[in-house]
Protein chains: 2
Amino acid sequence: MKLAKRMSQLKASEIREILKITERPEVISFAGGLPAPELFPIEEIKHINNLVLDEEGDKALQYTTTEGYQPLRNWIANRMNLRLGTKFDEDNILITHGSQQALDLAGKVFIDEDDIVVCECPTYLAAISAFKMFGAKFLEIPCDDDGMDMNALEEALKTNDRIKCMYVIPDFQNPTGRTWSLERRKKIAALSNQYQIPIIEDNPYGELRFEGEFLPSIASFDKEGYCMCTGTFSKTYCPGYRIGWIAAPKEITRQFVLVKQGSDLQCNTMSQIAIAKYLEHYDYDKHISKIRKVYLNRRNLAVETMEQYFPKSVVFTRPQGGLFAWVELPEHCNARDILVKSLEQNIAFVPGGSFFPNGGHENTFRINFSNMDEERIVDGLQRLGKILKENI
Amino acid sequence: MKLAKRMSQLKASEIREILKITERPEVISFAGGLPAPELFPIEEIKHINNLVLDEEGDKALQYTTTEGYQPLRNWIANRMNLRLGTKFDEDNILITHGSQQALDLAGKVFIDEDDIVVCECPTYLAAISAFKMFGAKFLEIPCDDDGMDMNALEEALKTNDRIKCMYVIPDFQNPTGRTWSLERRKKIAALSNQYQIPIIEDNPYGELRFEGEFLPSIASFDKEGYCMCTGTFSKTYCPGYRIGWIAAPKEITRQFVLVKQGSDLQCNTMSQIAIAKYLEHYDYDKHISKIRKVYLNRRNLAVETMEQYFPKSVVFTRPQGGLFAWVELPEHCNARDILVKSLEQNIAFVPGGSFFPNGGHENTFRINFSNMDEERIVDGLQRLGKILKENI
């Protein structure tokens, strides 16, 4: 039987495959991107679910609009305006099935076969998969600790007329944990307006800042309506509900709504109403600050352990927020070989190669520090340090 | 800003636009495809949600596998085998975000630009939207009360080498309410095997049979692994949870899983576990038989009222199950004109033209009978009968 051409390039997510191995309880896994389940507000969720079912069960279990639950969209717009300096209202917001779906919908809205997506080097693995489905090619722009190299970006925009959109994660990037400077945010928004190329700003981790000041989003510097921005409740509330969003200029939001209609009609009604009611009844900021404290502590332990136990030739990032740190081994090393050795000792991580759409950079890997207790973080990274010392 | 080419052909779902009008409480709407909310098992859902959060809240709120919750997939396979005569196990099943997502994923897996999808005439509107996103063209095969014309289908398969897949809804079809005979089911499975063209059998309504005997699914006659079949809990449990599935030969299921990874990672974990626990703790068949009784009564009232009050030149179906009946006006009539008149009198339905991917047939419309109480069904159809008499 003949499949679509796009299927020939598709392969299973390496992360999801590694995650299957890490289901064994003896494995210390730095591989996933999972939030800490002990921080889920289970009792509050139970209370709210009962409230919603008592008060409006017939509505919560029924179909709803494609756009999503209006009070939730309204809350999201206000939150973004407060945190990120944007000027959105509910009509800018579409609720999506996790922010991953926002990327799939963006692929549908923007990408034709062989269009080029400009991205960071490295970039988020599942964004590569999402855009590839629509035939995207990728142009990776070099990055440093302040974000994307703006000269290299401008050169690319000037010279390449197949560039269709830009995809960036300016806050605590997955996989590197890096955060863009204010300057670069302003600059990319200006370039987007000048060259009329839309930006998809992916922001799943922005709320999880441990230190330093919150920075405005790229979308907040958009004057001409070229920037859109995703968000999610997966890292600050729970991932199991699959509730995220995309905020965009209204005429673009309408295109996303049309595309979502054909993709899956709408998001889970009950989960949308339940989150909106939670935000009304509970102190979300207090809840997030609890998460931040735990993750800060885990980041500190991870970074300190790597400093102490990793070989000196290994460099890594010290993220100001989010879930991930990024490790670079000397150039001759291959992180996949290291992974084989470390899985033998029940330690897992994700090799970095998959985060580069055009390949290479096999000497890198990603460390997640949010999902494990403090003791196992220290134990795991000490043992990983030993493996590195023996193998590089 | 340049959008993808596919966006130029996209238009808002006429149904969803009409549904916005019908939110006014004074409107008697035959337009939607909504289940009756008074039949949602709200108290049972509340009990189960509390149980799940108490027993395994951290798991229910966390990420899970793309394939979906294993006990739920196992239940679905067994149910299909029992009801539809298939031989599936859990590895044949992928949980999707409503059965609508199964159609989107099928588009991704099978359809290249300008590939032809064979479909019934008319067919499900949102399947047209889903497949169009990937550049599908449609070949409509004539149908009668026993399903698709098998001679016309075979002729098409023989002569057209751009046919990539077949899309059919053999049980209580949306929009016509028609059900395929056993013979035609066997025949299309055989043709699919002979011409090596996959079938996507969409089955959202199969459980809602009011009268007559359950028929085996097309997939149950598949010998060579060319048939897949969707299902959903939207019509028998609640649509708000957005939990559906696709059952397919295992190597095809694996392709669907890959594609779902990039689309939205996975379905709502909590909703999947909650449905599985509901099925374990409650009598699902008893619940469905309650729904069937109510809908049978509403179908009877709808058909009787149309028989009595519609002009004799109007013909309509008498569905053995599902949510919809189909009305054909004399050929010179346009149902969109009738809709304008009937909206003035606060009565809504969906004109049939949108259900024909290649246009025409503007003398048809669809009637939903599941979502309204008995009195309003009779009142609405009596008044619609008057409007028809005055306008055709």
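Letters A, B, ... are given to chains in the order of the sequence lines, protein chains preceding strands, and every chain is numbered from 1. What's counted below: heavy atoms across the whole structure, side chains too, no hydrogens, waters or symmetry copies.
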Assert top hit (heavy-atom pairs under 4.5 Å, partner chain B, pool A:Met7, A:Gln101, A:His97, A:Gln196) equals A:His97
Side chain, backbone, both or neither: which part of A:Ala60 has a heavy atom under 4.5 Å from chain B? backbone
Does any backbone or side-chain atom of B:Thr96 lie under 4.5 Å from a heavy atom of chain A? Answer side chain, backbone, both or neither. neither
Identify which part of B:Thr65 has an atom lying under 4.5 Å from any heavy atom of chain A, answering side chain, backbone, both or neither. both
Report which part of B:Phe40 has an atom under 4.5 Å of a heavy atom belonging to chain A: side chain, backbone, both, or neither. side chain
Taking the side chain as every heavy atom from C-beta outward, state whether B:Gln62 and A:Asn371 have any pair of such atoms under 4.5 Å apart. yes
So which of B:Glu224, B:Met270, B:Lys5 has the biggest tally of heavy-atom pairs under 4.5 Å with chain A? B:Lys5
Rounded to the nearest 0.5 Å, how far apart are CG of B:Asn50 and CG of A:Asn50? 4.0 Å
Measure distances from A:Ile111 to the heavy atoms of chain B and classify the residue's part below 4.5 Å as side chain, backbone, both or neither. backbone
Do A:Met1 and B:Ile252 come close enough that some side-chain heavy atom pair is under 4.5 Å? yes
Taking B:Arg6 for the side chain and A:Asp112 for the main chain, is one N or O donor matched with an acceptor at less than 3.5 Å? no
Nearest non-hydrogen partners of A:Lys2 and B:Phe110, listed with the distance: O-CD2, 3.8 Å
Segment of A:Ser263 engaging chain B (4.5 angstrom heavy-atom cut-off): both
Taking all atoms of both residues into account, what is the closest heavy-atom pair of A:Ala130 and B:Gly262, and its distance? CB-O, 3.6 Å
Do A:Asp264 and B:Asp104 have side-chain heavy atoms sitting under 4.5 Å apart? no
Below 4.5 Å from any heavy atom of chain A, which atoms of B:Val259 appear? Answer side chain, backbone, both or neither. both
With chain A, which of B:Pro239, B:Cys238, B:Gly107, B:Ser129 has the greatest number of heavy-atom pairs at distances under 4.5 Å? B:Pro239
Below 4.5 Å, heavy-atom pairs only: which of B:Gln272, B:Gln266, B:Met133 has the largest tally toward chain A? B:Gln266
Max heavy-atom pairs within cutoff under 4.5 Å with chain B, candidates A:Gln255, A:Lys59, A:Glu113, A:Glu38, goes to A:Gln255
Step by step, work out the salt bridge (Lys or Arg N to Asp or Glu O under 4.0 Å) result for A:Asp54 and B:Lys46. CA-CA 9 Å; A:Asp54 282 340; B:Lys46 217 170 93 180; 2.6 Å; yes
Top contributor to chain A interface from B:Ile243, B:Ile273, B:Leu258 [non-hydrogen pairs under 4.5 Å]: B:Leu258
Chain A shares the most heavy-atom pairs under 4.5 Å, among B:Leu10, B:Leu265, B:Asn49, with B:Leu265
In terms of heavy-atom pairs under 4.5 Å with chain A, the winner among B:Leu3, B:Asp115, B:Thr269 is B:Leu3
Roughly how far, to the nearest 0.5 Å, is the CG atom of B:Leu34 from the OG1 atom of A:Thr64? 10.0 Å
Is chain A contacted by the side chain of B:Leu53, its backbone, both, or neither, given a heavy-atom distance below 4.5 Å? both
